[in-house]
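These notes concern the structure reproduced below.
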Amino acid sequence: MTLTPVLSAHWDEPDAFTIDGYRRHGGYGALDTAFGMHPDEVIQAVKDSGLRGRGGAGFPTGMKWGFIPQGDGKPHYLVVNADESEPGTCKDIPLMMASPHTLVEGVIIASYAIRANHAFIYIRGETVHVARRLMAAVREAYAAGHLGTNIHGTGYDLELVVHIGAGAYICGEETALLDSLEGFRGQPRLRPPFPAVAGLYAAPTVVNNVESIASVPQIIANGPEWFASFGTEKSKGYTLFSLSGHVTKPGQYEAPLGVTMRELLELAGGVRAGHELKFWTPGGSSTPLLTAEHLDVPLDYEGVGEAGSMLGTKALQVFDETVSVVRSVLRWTEFYAHESCGKCTPCREGTYWLVQVLRRIEAGHGTEADIAKLLDLCDNILGRAFCALGDGATSPITSGIQYFHDEFVAGMHTPAWELFPPERSTVWADLTAGASA
Ligand SMILES: Cc1cc2nc3c(=O)[nH]c(=O)nc-3n(C[C@H](O)[C@H](O)[C@H](O)COP(=O)(O)O)c2cc1C
Ligand code: SF4
C-alpha cells in the first residue's frame with residue numbers, strides 16, 4: 001500500500017499557503033468546472049464520489065447537501081466546522097495552515113451547490129495563527145474575484161466569514177457550534193429539527209468538517225469516479241491519517257481508506273526504537289482503544305466498526321509498553337469532565353464521578369467495587385447523554401477495562417506511577433549524573 005498525497009500533495013512547498021502557490025497546481029480551476037454545472041449536478045457528483053464526512057461520524061456528504069430544501073425562499077448557509085479539539089485529532093489545522101485555499105475553494109463550490117450566499121468557517125480561538133492564515137487566504141480570494149458579488153461573471157454571490165470561537169470542545173458538536181455562532185453559549189440543541197431544516201438562524205444549514213469540504217475541489221476537477229476508485233466498497237476515497245505518540249515518524253499520512261495500522265506504522269518507521277505497541281486509538285480519544293491484535297483491521301468505517309471501535313477522525317495515537325492505561329484513561333476523562341457543557345445530568349455528574357474513581361485507582365487506593373462502579377457509571381452515560389460527548393467519554397474506560405483489566409485490578413494496591421514510572425529524558429539523566437559526580 002502506498003501513500004496517496006492529494007490534499008497534502010504540495011504542503012512542503014514554501015508558498016503552498018498563498019494563492020499563487022495554490023494556483024500553480026491548478027487551484028481554483030475546479031470552480032469554473034462547478035459553475036459550468038447545475039448546482040444539483042454538483043450535489044450528484046459529490047454523492048457519486050462516495051465522500052463521507054471526515055469530522056467523525058462518516059455521514060455521506062452529498063446526501064447531507066441533498067437534504068437542503070430548494071425553492072423554500074429561505075437563506076441557506078454553509079458552516080465549516082474547524083473547531084478541531086478531540087485529543088489526538090490534528091489534521092484540519094495542518095490542512096488550513098499548509099493549504100487554506102483548498103478549503104476556500106471547497107467552500108465556494110459547496111455553497112454554490114446548496115445555493116447558499118453566506119458561508120462561515122468556525123475556528124477555535126486558541127489557534128490564532130491558523131485563523132490569521134485563513135483570513136489572509138479569504139482576503140486573497142476576495143481580491144482575486146473568487147468571493148463577493150458576481151463571482152467569475154456568473155451572477156452568483158458569496159460572502160465568507162471566518163468566525164473565531166472562544167475555545168470549547170463542545171463547540172465542535174454541530175448544533176452547539178451553531179448556537180455559539182449565533183452569539184449564545186455553546187450547548188447542543190435538541191434534534192429534530194436537524195440543521196438541514198432549521199440550522200443557523202433557523203434556516204437550512206449544512207455543517208461539514210474542514211477535510212470534507214477541502215476534498216470537494218479534487219472531486220469536481222477529476223470526477224467522482226476517480227475519487228471513488230480509492231478506498232473500499234463503502235468507504236471511498238483517500239484521507240488524512242494522523243499518527244502521533246510513540247511512533248518513529250509522527251505526522252499526517254494521506255492514504256486510501258482501508259489501509260491498515262500495520263501498513264501505516266511501517267511507513268512511519270514503526271513504534272519508537274526498543275519499544276513495542278501496547279494500545280492505540282483509531283480516531284481520537286472518543287473511539288474505543290485497540291491493541292496489537294487489531295493491526296490488520298482495515299481502517300475504514302466498516303472494518304473499525306466490526307473490530308468494536310470507530311474510525312472517528314482517524315487520529316491514530318500510539319502508546320507503547322511504558323504507558324499506564326489507567327493514567328491515560330484518567331487524563332482523557334479529566335478532559336471530558338472539564339469540557340462537559342453541563343446541559344445534561346448523566347454527562348455533567350457522571351464524568352465528575354468517573355474522574356474521582358479513576359484518580360483513586362491511579363493512586364493505588366482503588367477498591368474491589370471500583371471497576372464495577374466505573375462500568376456502571378459508563379452504562380448510565382452511554383446512550384443516555386444528550387450528545388455524543390458523553391458517549392465518547394465512556395469509550396476509553398470501557399475499552400481500557402476490556403483489554404487491560406489487570407492494570408485496573410493492580411490499581412487497588414499499587415499506584416500507576418510505581419507500575420509505570422515516568423521516563424526521565426536523556427538531558428535529565430545527564431544532569432543528575434553530573435550532579436552526583
Ligand atoms: C463533542 C463533539 C465535538 C466535535 N468536534 C468536531 C470538530 O471539532 N470538528 C468536526 O468537524 N466535527 C466535530 N464533531 C462532529 C460534528 O458534530 C459534525 O458531525 C461534523 O462537523 C459534521 O461534518 P462531516 O459530516 O463533514 O463530518 C464533534 C462532535 C461532538 C459530539
Ligand atoms: S452529553 Fe455532556 S456535553 Fe453533551 S449536552 Fe450533555 S452535558 Fe453537555
Side-chain angles (χ1 to χ4, degrees), residues 46 51-65 67 78-93 95-96 103 106-107 110 120-127 130 165 167-181 185-191 194-196 199 205-216 237 239-240 283-287 301 310-315 332-333 335-352 354 378 380-395:
V46 175
L51 174 67
R52 293 172 66 171
R54 304 301 196 220
F59 192 82
T61 306
M63 193 188 288
K64 190 185 273 192
W65 296 5
F67 289 153
L78 173 74
V79 178
V80 177
N81 190 342
D83 195 52
E84 186 161 81
S85 21
E86 168 100 357
T89 304
C90 53
K91 64 188 180 66
D92 297 338
I93 283 176
L95 195 158
M96 289 185 284
L103 176 61
V107 165
F120 298 84
I121 302 176
Y122 184 100
I123 187 164
R124 32 185 321 102
E126 286 98 331
T127 57
V130 194
Y169 175 52
I170 193 56
C171 288
E173 195 283 332
E174 59 183 17
T175 59
L177 186 156
L178 294 175
D179 262 20
S180 171
L181 195 52
R185 176 176 170 176
Q187 286 191 313
R189 296 177 179 174
L190 186 66
R191 280 169 292 190
F194 289 92
T205 303
V206 162
V207 184
N208 267 139
N209 171 258
V210 167
E211 191 191 341
S212 314
I213 293 295
S215 301
V216 170
T239 190
L240 294 165
S285 57
S286 299
T287 59
Y301 296 98
M310 288 175 286
L311 189 61
T313 54
K314 305 154 282 107
W332 281 320
T333 311
F335 168 84
Y336 289 111
H338 181 262
E339 296 294 332
S340 168
C341 82
K343 181 162 180 159
C344 71
T345 312
C347 169
R348 185 187 61 239
E349 305 299 321
T351 52
Y352 169 85
L354 287 171
C378 288
N380 277 295
I381 297 173
L382 186 67
R384 294 180 165 85
F386 192 77
C387 85
L389 186 148
D391 295 341
T394 68
S395 290

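One is the number of the first residue; the rest follow in order along the sequence. Indexing begins at 1, ligand by ligand and atom by atom, following the structure's order.
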Any side-chain heavy atom of [X] within less than 4.5 Å of one from [Y]?
X: Thr287; Y: Leu311; result: no
X: Ser286; Y: Tyr336; result: yes
X: Val216; Y: Trp65; result: yes

### Task
Kindly say whether the aromatic ring centers of Phe194 and Phe67 come within a distance under 6.0 Å.
no
### Task
At a heavy-atom distance under 4.0 Å, which protein residues reach ligand 1? Sort them by chain and number, would you?
Gly53, Arg54, Gly55, Lys64, Asn81, Asp83, Glu84, Ser85, Tyr169, Gly172, Glu173, Glu174, Val207, Asn208, Asn209, Ser212, Ala388, Leu389
### Message
Please give me the minimum heavy-atom distance between Ala385 and Cys344, naming the atom from each residue.
### Response
CA-SG, 4.0 Å
### Residue list, side-chain contact (heavy atoms from CB on, under 4.5 Å) with Cys341, at least two apart or on another chain
Ile170, Gln187, Pro188, Lys343
### Summary
Thr89 meets the side-chain contact (heavy atoms from CB on, under 4.5 Å) criterion, sequence neighbours left out, with Glu84, Glu86, Thr313, Ala315
### Task
Non-hydrogen atoms closer than 4.0 Å to ligand 2: which protein residues do they belong to? List them by chain and number, please.
Ile170, Pro188, Ser340, Cys341, Gly342, Lys343, Cys344, Cys347, Ala385, Phe386, Cys387, Leu389, Gly390
### Message
Quick test of your reading of the model: are Arg191 and Glu173 salt-bridged, counting only N-O distances below 4.0 Å?
### Response
yes
### Residue among Arg54, Lys91, Glu174 satisfying side chain to side chain donor-acceptor pair (under 3.5 Å) with Asn209
Lys91
